[in-house]
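Structure, as structure tokens:
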Amino acid sequence: MDDRVRIYFDYNATTPMAPDAIEAVTAATRDLYGNASSVHHFGQQAKAAVDDARSSLAALLAADPSEIVFTSGGTESDNFAIRGAAEALEPAKRRHLIATGIEHEAVLNTFKALARRGWRTTLLPVDHSGVVSPDRLRATITDDTALVSVMHANNEIGTIQPVAELAAIAHERGALMHTDAVQSVGKIPVDVRALGVDLLSLSAHKFNGPKGAGALWIKRGTRLAPYQTGGKHERNRRAGTENVPALAGMGVAASLAGAKMASEAVRVGALRDRLEEAILRSVPGTAVNGQRDRRVPNTANVSFDGVEAESLLIALDLEGIAVSTGSACSSGTLEPSHVLRAMGLPVHRTQNSLRFSLGMFSTEAEVDRVVGVLPHLVEKLRRLTNRKPITAQG
């Protein structure tokens, strides 16, 4: 199919780069070839670009630039936060970690790795809409809990967690609070002081910046062991020569996200609602998964009864429409969504759901095109498998 008419509704996996961010990466690649740690003119030019990016990102988070540590992306930031906190607090006999069952694999697999080293880990359950109860955390946390890690917005269903309440509970017991905000930064206001967290992860390619660039916000005074060692980069917190072009692109993307966030949230939210309402109206046996009122504005997770999600994804791709069955980091597997399983949805709902995630370049015409082809594709797949839709539940 002609690439010019393809539709991309998988912004939660990664976003197209903003044109201004592309220009920033290109210019830095061409002109800023000095090492940002060098003291000569070329190095100081590169350092100035890194400092500008740090300031832009700090402004997006209502943070101080000195609290921003650049990383390669969300996965490294999550690892840095969890492993760094665990190692720093281990001498204090705090060897308990808490997260939820719907976290990203970067958190869940890091917990598993630390559990193999003797750490005690707890995954809190969530309700049917994907929200964790603060009371559940209060009943679980102990005096030996080192860290609580709860994502701000879920990557599959978009649900926003009560992070500020959870952080207050963590602090009551002397634990650190980390939030994976990869799916919320750039989409909704994220104020690190208002959230009350100690650590926050983000990734540039989720808000129209380049891949390979991210950051961990570390609240001033928070003890964290370095995740990797080497030179004195990032104030001795993350060794390695800075990726100046990627950081320059992330800084520009952060500034753009901050400037357009309010208007884009309204525009994209309206497109998402238009898509959901049309699907529910035109395709029998469909239901929206997750909380519909408190979520990021770009994400819709929909179950299609009587249809295998992978089959529908492929059918849509053949029509030039890109969507997802869930986290891009879990692609290539046929396992049901661990997020939907944790929400307690019936088995068929965990295997027949698609994620539609919209963004900067999404349009009404694209939404209408998707809705125009879906009913026929779903009906065809149900005929082929001789399945009938179950009455929608949501």
Side-chain angles (χ1 to χ4, degrees), residues 28 32 35-38 43 46-89 104 106-107 110 146-149 151-152 163 167 176-186 190-193 195-207 209-255 257-258:
L32 304 179
N35 188 316
S37 296
S38 298
K47 183 179 184 300
V50 171
D51 289 344
D52 286 347
R54 201 184 309 275
S55 295
S56 296
L57 201 55
L60 185 62
L61 303 176
D64 188 275
S66 65
E67 299 172 307
I68 301 291
V69 176
F70 289 129
T71 68
S72 63
T75 293
E76 183 188 336
S77 294
D78 286 345
N79 271 264
F80 186 6
I82 297 167
R83 295 176 187 271
E87 185 174 338
L89 293 173
H104 189 275
V107 170
T110 302
L147 177 78
V148 177
S149 181
M151 66 194 337
H152 192 202
V163 171
L176 294 177
M177 182 72 195
H178 165 248
T179 189
D180 177 340
V182 166
Q183 292 292 347
S184 59
V185 170
V190 175
D191 183 324
V192 290
R193 312 296 177 192
L195 287 176
V197 297
D198 304 289
L199 303 158
L200 181 145
S201 302
L202 61 88
S203 188
H205 77 104
K206 304 295 188 179
F207 54 90
K211 296 176 182 65
L216 179 66
W217 175 80
I218 306 174
K219 183 179 179 181
R220 184 180 288 109
T222 301
R223 291 179 55 214
L224 209 66
Y227 171 62
Q228 60 188 47
T229 53
K232 299 182 182 298
H233 310 84
E234 296 296 293
R235 301 190 179 194
N236 291 310
R237 295 177 295 189
R238 196 267 191 180
T241 301
E242 294 88 346
N243 183 350
V244 177
L247 297 182
M250 177 164 64
V252 170
S255 295

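Take T222 and apply the side-chain contact (heavy atoms from CB on, under 4.5 Å) test, not counting sequence neighbours, and it matches L176, D198, L199, I218, K219. Residues meeting the side chain to side chain donor-acceptor pair (under 3.5 Å) test with S37, sequence neighbours left out: none. Not counting sequence neighbours, the partners of N79 by the side chain to side chain donor-acceptor pair (under 3.5 Å) test are R83, T110. Partners of E87 under the side-chain contact (heavy atoms from CB on, under 4.5 Å) rule, at least two apart in sequence or in another chain, are A225. Judged as a salt bridge (charged side-chain N to carboxylate O under 4.0 Å, His left out), and not counting sequence neighbours, E242 has no contacts. With sequence neighbours excluded, the residues forming a side-chain contact (heavy atoms from CB on, under 4.5 Å) with S201 are S77, D78, H178, L216, listed by chain and number. Residues passing the salt bridge (charged side-chain N to carboxylate O under 4.0 Å, His left out) test with D51, sequence neighbours excluded: K47. Taking R193 as the reference, E67 meet the salt bridge (charged side-chain N to carboxylate O under 4.0 Å, His left out) condition, with sequence neighbours excluded. Legend: residues meeting side-chain contact (heavy atoms from CB on, under 4.5 Å) with A204, ordered by chain and number and at least two apart, are F207, P210, A213, M250.
The minimum heavy-atom distance linking G186 with L60 is given by the pair N-CD2, 4.4 Å. Residues A167 and L195 share a closest heavy-atom pair of CB-O, 3.7 Å.
Between the side chains of S66 and R220, a donor-acceptor pair is found at a separation under 3.5 Å.
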